[in-house]
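Everything below concerns the one structure shown next.
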Amino acid sequence: MDRASKLLEIESLAENLMKQEKSLSLLKLKILFFASMYENLSVSVIIDKLGIKKSNFALMSGELEREGLVVIGPAEIDKRCRVLHLTEAGKTLLEEYKKPIETKLGATNPEVDRALDVLSNFLNRKV
């Protein structure tokens, strides 16, 4: 199987696993994740990493902000740049969402965890 096919398979399987927890849309979950992982990442970079339209991001992030899960504001260094910050409620919801998924995955071989880290780092450099 070529690399593109493997990536499509991984993406499809991972998305199906994530969709099993229906308390939040997958796009909202991804926005919360990027806000938690990259605290000072600009909104435009998050949009690029997610590969979505600005209008979709604006709609979803606006809903998340109204729900009290994120705060959108100016960056400290460049006030023209907007950044997303997770609120305590957002952090709690994200952790609650991840727990059943971690349970489903169960104990994994450290080799699998290293492979996932390598894949994540590789893809982050490509996007």
For this session: Output yes when a side-chain donor or acceptor of Ser36 lies under 3.5 Å from a complementary backbone atom of Phe33, and no otherwise.
Result: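 Yes: the side chain of Ser36 pairs with the backbone of Phe33.
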Problem set entry | Hydrophobic cluster of Leu7, others only, ordered by chain and residue number, side-chain cut-off 4.5 Å |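 Members besides Leu7, by chain and number: Ile10, Leu119, Phe122, Leu123.
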Quick check: is [Y] connected to [X] through a chain of hydrophobic side chains (ILVMFWY, heavy atoms under 4.5 Å apart)?
{"X": "Leu8", "Y": "Leu116", "result": "no"}
{"X": "Leu94", "Y": "Leu26", "result": "yes"}
{"X": "Ile101", "Y": "Ile31", "result": "yes"}

Exercise. Is the closest side-chain donor-acceptor distance between Asp2 and Ser5 under 3.5 Å?
Worked result: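 Yes, side-chain donor-acceptor contact under 3.5 Å.
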Working to the nearest 0.5 Å, report the span between [atom1] of [X] and [atom2] of [Y].
{"X": "Ile47", "Y": "Phe34", "atom1": "CD1", "atom2": "CZ", "value": "12.0 Å"}
{"X": "Ile72", "Y": "Glu65", "atom1": "CD1", "atom2": "CD", "value": "4.0 Å"}
{"X": "Met60", "Y": "Lys30", "atom1": "CE", "atom2": "NZ", "value": "12.5 Å"}
{"X": "Glu11", "Y": "Glu15", "atom1": "CD", "atom2": "CD", "value": "5.0 Å"}
{"X": "Leu32", "Y": "Met37", "atom1": "CG", "atom2": "CE", "value": "13.5 Å"}

Just distance, no hydrogens or angles: give the donor-acceptor pairs under 3.5 Å from side chains in residues 49-57, sequence neighbours left out.
unit_1	atom_1	unit_2	atom_2	d
Lys49	NZ	Asn124	OD1	2.8

Exercise. How about Val43 and Ser61: do any of their side-chain heavy atoms sit closer than 4.5 Å?
Worked result: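 A side-chain contact under 4.5 Å is absent here.
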Exercise. Is the shortest heavy-atom distance from the side chain of Leu13 to the side chain of Glu9 under 4.5 Å?
Worked result: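 When only atoms from C-beta onward are counted, Glu9 and Leu13 do touch, with a gap below 4.5 Å.
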Exercise. Between Glu102 and Lys99, is the closest basic N to carboxylate O distance under 4.0 Å?
Worked result: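 No salt bridge links Lys99 with Glu102.
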Which donor-acceptor pairs under 3.5 Å do side chains of residues 80-93 form with protein atoms, sequence neighbours excluded?
unit_1	atom_1	unit_2	atom_2	d
Arg80	NE	Asp78	OD1	3.0
Arg80	NH2	Asp78	OD2	3.1
His85	ND1	Glu39	OE2	3.0
Thr87	OG1	Gly68	O	2.6
Thr87	OG1	Leu69	O	3.1
Thr87	OG1	Ala89	N	3.4
Thr87	OG1	Gly90	N	3.1
Glu88	OE2	Lys91	NZ	3.4
Thr92	OG1	Glu88	O	3.0

Exercise. Does a sphere of radius 6.0 Å around CD in Glu111 hold more than 12 heavy atoms from other residues, nucleotides or ligands, not counting ones at 6.0 Å or beyond?
Worked result: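 Atom CD in Glu111 is not packed in, count stays at 12 or less.
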